[in-house]
Each structure stands twice: as structure tokens, then as C-alpha cells.
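Step one of this worksheet: look at the structure below.
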Amino acid sequence: MRTQVAIIGAGPAGLLLGQLLHQAGIDSVILERRSHDYVLSRIRAGVLEQGTVGLLDKVGASSRLHAEGLSHDGFDLLFGQKRHRIALDRLTGGKHVTIYGQTEVTRDLMDQRAAQNGKTVFEAGDVALHDFGGTSPFVTYVEDGITRRLDCDVIAGCDGYHGVSRASVPASALDIFERIYPFGWLGVLADVPPVSHELIYARGERGFALCSMRSGTRSRYYIQCDQGERVDAWSDERFWDELRRRLDPASAEALVTGPSIEKSIAPLRSFVAEPMRFGRLFLAGDAAHIVPPTGAKGLNLAASDVHYLFEALTEFFVERSQAGIDAYSQRALARVWKAERFSWWLTSLMHVFPEQSPFEQRIQQAELDYLVSSQHAMAALAENYVGLPY
Ligand code: APR
Ligand code: PHB
């Protein structure tokens, strides 16, 4: 089999790239390790920047998003038992974010690709990348027990942090930058109405908490937990009690609890692999970088990487110019590092660090007090939260 672009991974990055390429008349095949249903079973954050929504609009996969997504023009920071609203629209000249689960974004893109007869191989085993240092790369994989070969002009590694694409690059060719945080997030999904109509990012003496949502009837809550924490040590009751302790009295009182339909612990790390291009192999999304979820940048960075990669591949295939692919890594990394900075900053501001000195505690408190007392500081937070320009 032959295609112009072999895409590894049917997550948001791979699927969005596939749809952009399709629209430009550039052929692609997606090779996905997991089944269709497994990919759609993943629970992921869903705060979409306007740029991400714009890309979904561009490929015509946003009608359900506009019908069901929630437009948010602010969120609360809660500390010292007091809630402070960050008015995104006022601080950014009218920008907002859209609350719409990543799972739904993935579903919409998958459905559209299938409707357009885009080629996606699910449960593709033993995917292996070959000769991406030359001009005739190819990918091998196992489908229904048969080893197959996909010849291509370009490979897009959209296979996430644990994927095969970055792992196929010699370690000597990669520069890795990483920070692992001394805590995780214990998350619960429940079919209960959200405690507030907007998100609440809370920093209490006992740790961070986040009150989020998927809709008006489905809520998503997180509490900071120790790195070694085990999910089975947390009954629903214990989770709801701890969440209440990290909220102000009014919010704790208003909290509607119920049985969890999903409960999991996620580690927090900042990670960047440089560069993002190796000959005819291009990394995009979590394959190249990871952010702590505090700033809700993971999906949105995957989208901006794909925007830059799509522009580069269009120049390569349509205009026969190498300029775009030569500039891809530098362009993408410029925005990646700004989002890494923001995610690290908000994580550092809102979490309790186990080894924190009394001085560091006072500095963290002063940072919060300054932030909510300065329009300039809040504007800086807001412009990063809604998404910096591409
Ligand atoms: N071969 C084929 N597919 C693979 C392989 C492999 N060896 N390894 C991983 N995959 C698939 C995964 O099953 C997954 O469906 O690649 C896809 C990668 O998707 P994501 O991990 O969602 O990464 P990305 O598309 O970059 O989206 C980033 O997703 O995980 C969240 O927090 C993350 O919001 C961010 C977003
Ligand atoms: C979520 O709804 O899962 C979510 C929202 C905002 C974040 C992180 C996660 O910053």
C-alpha cells in the first residue's frame, strides 16, 4: 500500500492532521494501535482554545461542538477561602474557551474520517518506522496476523508520549527536557451537576483541587494527591470529603455528590523532546511534549502542532517547497515552550509542594495575592489560558 502521509496514532493530533490533509487533497493513512472503541473510551480534559475550535471548524468537524460545547468567558481562582474571578473576555478583548470533552473531539473527527472514506487501520500491531532519514520512508505493521508495508513520502508521529515514533529516533539525536512533579491528580467523573457554572482552580492548605465539567449534568473533579497514591484507597465518600475540605464553605455546601463513573490518578510532568523533525519523520502532540494538565494545554498544543505541520506539508506537496518542513520544528517549539512555561507556572502556583520551605510558602502566597490584585497580572494569565496566537 502507498500513501503520501503515514500518520501514526488516531488521537486528536493524528485525526485532525488527517482531516486537514484530506481537505487539501493530500492522501494519508492512519495506523492506530488500539481499537476504535478503546480510543473513544479514554477520559481526557476538554478546554478548547479558539484556535483549536477554528481548526475543527476548518475541517467541518465542529457542528456538535457548537451545539453541545459550553462557552466559558471566565473561571475562578480559590485561595484563602475566597474565590477570585478571572474575567477572560474582559482581560483578552473578548476571547473565551469552549468546554467540550476531548473524547467528543476524537469521536467527531473519527466519524468524519469514516464518512469521507479516510483510511484508518485500527489494532495495527508492531508498527515500525523505516528509512525516515532518506526520501523513501515506509512503515510496517501487523494487521490480522499479516505483516504489511505502507510506503509513503512522510511519516507523522502522532502516537503520544508512549508511542513508537519518538522511540524510533536515536537517543543521540534527541534533546530531552523534563520535570516530574512530586504529586499527581486523582480525578473523578460523575453524573452530577457542576458546583459552579465556571471552573474553579483551588489552592488550599491540603492541596490543589479543580472543579470542572463535561456538561450541565456531568462533572469532572480533581484533587492533588501524593505520587504513590492508589486509586483503590479512595472510596467515593473519601474523595468527596477531601474535595469539600479544599473548597470555600459556600462551594463545599453547594457541592452535589454522587457515584463516580470513572476514577483515576494521573502523574504530572513537563516534557519536551527537541527537535520535532527527523528527515521525513515529524512529531506532533504528546509524541513530542507533555504538559501538566493544570493549564489544559495538552489538546490545544496538539492542535497548534498540527496547524504548523499541515502548513509545512501543504508547501511540500503542493508548492514543492522544503521551506515549511525545514522550519516546522522551530515554529512548533516556539509555541510549545510558551505553553510549557504557562503550565509549569500555574502548576507551581496552585499546588502544595511537599518540601516547600516557609519562605517558598510566603512567596507562593504573595504571588497569588499579587495576581488577583493586578489587572496586568490577570491579563497575562488570561491571554495564556485562552491560548497565545499561532
Ligand atoms: N502504533 C500505533 N498507534 C499508537 C502507538 C503505536 N506504537 N502508540 C500509541 N499509539 C496511539 C495511541 O493508542 C493513541 O490513540 O497513538 C494515539 C496518541 O494519541 P494521544 O496520546 O491522545 O496524543 P495526541 O493525539 O498527541 O493528543 C494529545 O491527548 O492524551 C491526551 O493529554 C493529552 O490532551 C492531550 C492529547
Ligand atoms: C478537565 O475538565 O478535565 C480539565 C479542565 C481544566 C484543566 C484540566 C482538566 O485545567
Side-chain angles (χ1 to χ4, degrees), residues 6-18 29-48 52 70 72 75 97-103 105-106 109-110 120-129 139-143 150 155-168 185 187-189 194 198-201 208-215 218-222 262 264 266-269 271 283-306 309 336 339 342-343 346-347 350 385:
I7 300 174
I8 318 298
L15 288 163
L16 180 57
L17 178 61
V29 172
I30 297 180
L31 302 177
E32 165 56 52
R33 175 169 64 177
R34 301 290 189 176
S35 70
H36 174 281
D37 291 348
Y38 183 96
V39 174
L40 289 178
S41 69
R42 293 185 185 120
I43 304 291
R44 292 278 196 276
V47 176
L48 275 56
T52 303
L70 304 173
H72 280 202
F75 65 85
V97 293
T98 302
I99 304 297
Y100 187 69
Q102 177 177 312
T103 307
V105 171
T106 306
L109 288 166
M110 272 187 185
T120 305
V121 179
F122 289 101
E123 298 180 276
D126 300 335
V127 170
L129 283 56
V139 180
T140 54
Y141 62 96
V142 175
E143 182 183 20
L150 176 63
I155 304 173
C158 302
D159 46 349
Y161 180 71
H162 299 289
V164 66
S165 296
R166 191 181 74 249
S168 300
W185 277 18
V188 157
L189 191 68
E198 295 178 328
L199 273 55
I200 304 173
Y201 291 79
F208 171 79
L210 172 59
C211 302
S212 183
M213 63 194 77
R214 291 291 177 270
S215 69
R218 176 167 286 192
S219 299
R220 180 69 163 164
Y221 292 106
Y222 299 94
E262 194 272 347
S264 56
L268 268 65
R269 78 173 71 237
F271 174 91
L283 303 181
D286 275 18
H289 43 72
I290 296 287
V291 284
T294 324
K297 291 300 167 195
L299 172 58
N300 295 297
L301 271 185
S304 54
D305 285 353
V306 164
L309 183 53
V336 164
F342 172 67
S343 304
L346 194 56
T347 301
M350 297 302 291
Y385 194 86

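Predicted, not measured: the structure shown is a model, and the values here were computed from it. The figures that follow rest on heavy atoms only: side chains count, while hydrogens, waters and symmetry mates do not. All ligand and atom numbering here is 1-based and tracks the order in the structure.
- Put simply, the side chain of Thr103 gets close to the backbone of Arg42: a donor and an acceptor are under 3.5 Å apart.
- The backbone N or O of Gly14 sits nowhere less than 3.5 Å from a side-chain atom of Asp159 that would complete a donor-acceptor pair.
- Regarding atom 12 (C) of ligand 1, its nearest protein heavy-atom neighbour is Arg42 NH2, 3.4 Å.
- Within the listing of ligand 1, atoms 2 (C), 3 (N) sit less than 4.0 angstrom from a heavy atom of Leu31.
- Atom 19 (O) of ligand 1 has its closest protein heavy atom at Gly11 CA, 3.5 Å.
- Among the atoms of Leu299, some N or O lies under 3.5 angstrom from an N or O of ligand 1.
- The backbone N or O of Gly285 lies less than 3.5 Å from a partner atom in the side chain of Asp305, making a donor-acceptor pair.
- Every side chain to side chain contact (heavy atoms under 4.5 Å, CB included) that Ser41 has, sequence neighbours left out, goes to Tyr38.
- In this structure, the side chain to side chain contact (heavy atoms under 4.5 Å, CB included) partners of Ser168, at least two apart in sequence or on a different chain, are Leu129, Phe132, Val164.
- Of all atoms in ligand 1, listed by their number and element, those nearer than 4.0 Å to a heavy atom of Val164 are 7 (N).
- In this structure, the side chains of Met213 and Ile99 come closer than 4.5 Å at one or more pairs of heavy atoms.
- Residue-ligand proximity, Gly285 to ligand 1, at heavy-atom distances under 4.0 Å covers atoms 26 (O).
- Heavy atoms from both the backbone and the side chain of Asp159 come within less than 4.0 Å of ligand 1.
- Distance from atom 32 (O) of ligand 1 to its nearest protein heavy atom, with residue and atom name: Asp286 OD2, 3.8 Å.
- Close approach of ligand 1 to Arg34 (heavy-atom distance below 4.0 Å) involves ligand atoms 13 (O).
- In this structure, Arg166 contributes its side chain and Ala287 its backbone to a donor-acceptor pair below 3.5 Å.
- Of the candidates Arg33, His289, Glu32, it is Glu32 that places a heavy atom closest to atom 11 (C) of ligand 1.
- The protein atom (non-hydrogen) at minimum distance from atom 25 (O) of ligand 1 is Ala13 N, 3.0 Å.
- Among all heavy-atom pairs drawn from Ala124 and Tyr141, the shortest one is CB-CD1, 4.0 Å.
- The proximity of Ile8 to ligand 1, defined as any non-hydrogen pair under 4.0 Å, is limited to the side chain.
- The side-chain heavy atoms of Arg44 and Thr106, taken from C-beta on, include no pair separated by under 4.5 Å.
- Of the options Gly160, Ala296, Pro12, the smallest heavy-atom separation from atom 22 (O) of ligand 1 is shown by Pro12.
- Heavy-atom contacts of Gly298 reach the following atoms of ligand 1: 34 (O), 35 (C) (cutoff under 4.0 Å).
- Aromatic ring orientation, Tyr385 versus Tyr201: perpendicular (interplanar angle above 60°, classes split at 30° and 60°).
- Between Cys158, Gly14, Gly163, it is Gly163 that holds the heavy atom closest to atom 8 (N) of ligand 1.
- Looking at residues two or more places apart in sequence or on another chain, you find a side chain to side chain contact (heavy atoms under 4.5 Å, CB included) between Ala156 and Val5, Ile7, Leu17, Cys158, Leu309.
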N/O pairs closer than 3.5 Å, ligand 2 and protein:
unit_1: ligand 2; atom_1: 2 (O); unit_2: Ser212; atom_2: OG; d: 2.6
unit_1: ligand 2; atom_1: 2 (O); unit_2: Arg214; atom_2: NH1; d: 2.7
unit_1: ligand 2; atom_1: 3 (O); unit_2: Arg214; atom_2: NH2; d: 3.0
unit_1: ligand 2; atom_1: 3 (O); unit_2: Tyr222; atom_2: OH; d: 2.6
unit_1: ligand 2; atom_1: 10 (O); unit_2: Tyr201; atom_2: OH; d: 2.8
unit_1: ligand 2; atom_1: 10 (O); unit_2: Pro293; atom_2: O; d: 3.1
unit_1: ligand 2; atom_1: 10 (O); unit_2: Thr294; atom_2: O; d: 2.8

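- Smallest separation of non-hydrogen atoms from Ala6 and Leu150: CB-CD2, 3.7 Å.
- No side-chain heavy atom of Thr140 sits under 4.5 Å from any side-chain heavy atom of Asp126.
- Which parts of ligand 1 touch Val127 is read off a 4.0 Å heavy-atom cut-off, strictly below it: atoms 1 (N).
- Using a 4.5 Å heavy-atom cutoff, the side chains of Thr294 and Ser343 are not in contact.
- Between Gln102, His162, Lys297, Arg44, it is Gln102 that holds the heavy atom closest to atom 34 (O) of ligand 1.
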